Amino acid sequence: MKKSPLPVQSTRSGTTDNKPITGKESLVKLLRWHFGHSDFRGKQLDAIQAVLSGRDCFCLMPTGGGKSMCYQIPALAKPGIALVVCPLIALMENQVMALKEKGIAAEFLSSTQPAHVRNKIHEDLYSGKPSIRLLYVTPELIATPGFMSKLTKIHSRGLLNLIAIDEAHCISTWGHDFRPSYRKISSLRNCFPDVPILALTATAVPKVQKDVIESLSLQDPLILKSSFNRPNIYYEVRYKDLVDDAYADMSSLLKCSGSICGIVYCLERTTCDTLAAHLSKNGISCAGAGIDRKDVRIVCHFNIPKSMEAFYQESGRAGRDQQPSRSILYYGVDDRKRMEFILSSAEGKKFQSSSSQDGLSKKSLSEFNQMVEYCEGSGCRRKKILESFGEQVPASLCKKSCDACKHPNLLAKNLEELTVTCAARQRSNFSRISITSSTDTIDREQFSEFWNRDDEANHSEEDISDSDDGTETVDCLARSGLKRKLGLNAKIDFLQRAEERYYQNKNSEKQVSKLAKNVVSDTMREASKQRLLNALKQALDRLGNLNIELEVSATFLENECYKKYGKSGKTFYYSQVASTVRWLSATDSTELTNRLGTNSPSPPGNTQSKQEPLDTPSPMLERRPAESTDLPPPTSLQSEISHSASPSVSPTSTQLPPIPSFSQFLNSKKAKTGHLGSSENPSPKGLKNTR
Ligand SMILES: Nc1ncnc2c1ncn2[C@@H]1O[C@H](COP(=O)(O)OP(=O)(O)OP(=O)(O)O)[C@@H](O)[C@H]1O
Ligand SMILES: [Mg+2]
């Protein structure tokens with residue numbers, strides 16, 4: 001739909017006599033005419049007027065603050081083309097589609113488009129009078145010499161009126177979504193020194209701002225910062241350690257919220273898949289779709305995020321339409337420990353060769369501590385968020401729109417219970433095998449954690465049996481009559497032998513246990529079928545009635561997933577189910593009927609479908625290296641409920657440090673202190689008794 005030109009204009013939309021519109025009144029008219037908003041919000045007008053006057057601008061506005069308008073209005077108020085650099089193809093697609101619906105000539109260029117579409121865009125760009133007003137591109141395209149030379153031609157004809165860098169924090173190594181290819185766009189300033197650059201981000205870390213301004217060589221930029229308060233979001237923390245079943249809690253929370261769009265963030269993909277299966281089983285549909293929805297009513301974090309910044313960004317996806325929304329974080333002490341471990345080891349690894357290693361590791365941990373304080377503290381959550389970004393606000397700002405302000409007594413009670421529960425758990429964990437660091441006493445009451453199988457199991461991909469050998473050993477030690485006053489060496493011998501037995505047993509158990517834990521159970525298959533059924537229903541709602549038997553088709557699709565990946569274990573199987581669900585959310589009727597065997601899907605159990613079904617992408621192929629140019633797709637975001645693995649922390653990529661065996665530990669102590677007799681060579685895995 002093409003919109004008729006604005007009444008005040010003589011030529012093309014928004015421009016008169018090739019001069020930009022800069023007056024407030026005319027700009028407001030443009031805003032009303034094209035977007036239907038009555039007035040500018042926050043600092044929008046300042047940013048718009050700055051770039052229209054030719055000045056560079058750095059614009060820091062919270063998520064949903066209306067950053068896009070800061071380049072969309074100038075694009076319409078000035079002749080020529082505004083170039084918008086955007087990190088995600090999904091975001092570009094959404095924005096371009098929304099603009100086109102408003103009758104604004106916008107296009108995007110990416111490798112995902114068919115060649116004929118790209119050619120058409122290029123034709124328009126190099127025609128005498130291009131109609132395109134906003135051209136969205138990825139940073140990778142900017143880095144190609146071919147595109148740069150085309151851009152230079154457009155510029156030489158005086159048609160490049162603005163360069164907007166959306167999500168500009170991606171340029172900065174300090175930004176949470178740092179994207180190396182974004183650095184390459186720093187050449188834009190040199191190539192087009194007279195074109196104003198507008199950098200936009202919702203990331204408030206001062207280092208990011210400095211880094212972005214320097215990398216883009218912004219000249220005397222106007223720096224605009226808006227408050228980060230999101231008054232329409234209600235913040236709440238739920239304590240996993242205080243509920244019987246966090247999955248069930250989340251299911252009922254989402255069910256009670258009615259038919260809304262929500263996003264769930266998990267630390268790992270496997271948690272996403274398990275959670276999605278659980279939610280589907282409970283009638284909550286989960287599927288993949290775009291991420292640019294404004295009407296997300298609830299954002300849940302199923303695991304604690306790594307920093308306040310990441311939390312702010314993710315929770316900020318709620319209520320971008322300014323309507324009342326909720327952020328719910330499920331906090332678990334185990335999750336906290338796990339994240340602490342990941343951050344310290346990941347940073348350590350990443351910066352192994354750097355002298356600043358320790359500093360960076362400490363930085364991540366201290367950033368993470370802000371998140372822990374958000375969860376474990378009793379003060380206003382909103383105030384904590386804003387203070388972490390350097391904003392000092394009165395507590396009255398919150399207006400009881402967080403659980404800490406609304407239910408302070410309940411929160412105090414929860415925190416007290418959490419402390420008691422964790423102290424009790426800690427005692428039972430420490431009593432597995434504990435040894436005092438001074439090495440001169442062994443005492444169940446004096447703890448310095450040395451070997452905690454709980455942690456080991458948490459951090460390792462390896463499955464370690466849950467049997468409580470540690471407790472057994474210590475109990476055995478107590479029962480064996482070895483009194484505290486008895487020789488220390490005798491006690492150590494005893495523990496070393498226990499450890500030896502432990503490893504011998506484990507080596508044989510481990511394989512069996514590992515296999516058993518990875519098996520795809522019937523319950524999982526039933527939950528997956530349910531999930532596919534829901535996705536199918538949605539697909540049919542979208543595509544119209546296709547004469548497809550829902551139950552039979554869901555069984556068929558599940559069977560297909562199982563056939564393909566059931567034997568490879570539950571991770572692959574779940575990924576395949578998730579992948580099929582995503583496919584269902586985007587497929588068309590021909591593909592769907594083809595895959596289901598043209599109106600007559602194979603009966604369950606019939607694994608030899610006559611018609612070769614379209615192959616769903618293998619989970620191994622999901623991280624496409626090619627268009628790799630783009631950020632990893634936000635993992636399986638949504639339909640009614642989306643679930644996403646936070647992309648920035650990947651525990652699976654973290655190499656775990658070896659846990660020393662009991663003997664290794666003792667030997668290293670001996671080497672250091674000269675205590676406990678001679679220092680013999682440490683035996684591998686402590687399988688040899690050193691005495
Ligand atoms: N002046 C305005 N008045 C009313 N609504 C507005 C105004 N400007 C923008 N909006 C609306 O605010 C919503 C968010 O805008 P936009 O997507 O540009 O935010 P953003 O700052 O880019 O957020 P994000 O950081 O999530 O990308 C949109 O629905 C947009 O239409
Ligand atoms: Mg935006």
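Atoms within each ligand, like the ligands themselves, are counted from 1 in listed order. Everything numeric here is computed off the predicted structure, so don't read it as measured data.
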Heavy-atom pair with the smallest gap, counting every atom of [X] and [Y]:
X    : Y    : value
L253 : C300 : CD2-SG, 3.9 Å
R293 : R320 : O-NH1, 3.8 Å
R41  : G66  : NH1-N, 4.0 Å
K78  : N161 : O-ND2, 3.3 Å

Give the contacting part of [X] toward ligand 1: side chain, backbone, both or neither, where contact means a heavy-atom distance below 4.0 Å.
X    : answer
R320 : both
D321 : neither
K67  : both
M61  : neither
S38  : neither

Inset, instruction - For the pair Y312 and F389, name the ring-plane relationship: parallel under 30°, tilted 30 to 60°, perpendicular over 60°. - result: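 The rings of Y312 and F389 stand perpendicular, inter-plane angle above 60°.
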
Could an N or O of ligand 1 be found under 3.5 Å from any N or O of [X], whether backbone or side chain?
X    : value
G64  : yes
M69  : no
R317 : no
Q322 : no

Inset, instruction - Give the single entry among Q44, R41, R32 that approaches atom 8 (N) of ligand 1 most closely by any heavy atom. - result: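 Considering heavy atoms of Q44, R41, R32, the nearest to atom 8 (N) of ligand 1 sits in Q44.
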
Legend entry - Heavy-atom nearest neighbour of atom 4 (C) of ligand 1 within options K294, Q95, H37: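 Looking at heavy atoms only, H37 sits closest to atom 4 (C) of ligand 1.
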
Could you check whether any side-chain N or O of [X] sits under 3.5 Å from a backbone N or O of [Y], counting only pairs where one atom can act as donor and the other as acceptor?
X    : Y    : result
D166 : C86  : no
R133 : A75  : yes
E387 : K384 : no

Give the numbers and elements of all ligand 1 atoms closer than 4.0 Å to a heavy atom of [X].
X    : value
F40  : 1 (N)
E167 : 27 (O)
P62  : 21 (O)
S68  : 16 (P), 17 (O), 18 (O), 22 (O)

Legend entry - Salt bridge flag under 4.0 Å for residues E367 and K306: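 No, this pair does not count.
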
Inset, instruction - Validate the cation-pi geometry between R381 and Y374: distance from NZ or CZ to the six-membered ring centre under 6.0 Å, angle to the ring axis within 45°. - result: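 Positive - R381 is close enough to the ring of Y374 and near enough to its axis.
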
Legend entry - Whether D39 lies under 4.0 Å from ligand 1, heavy atom: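 Under 4.0 Å: yes for D39.
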
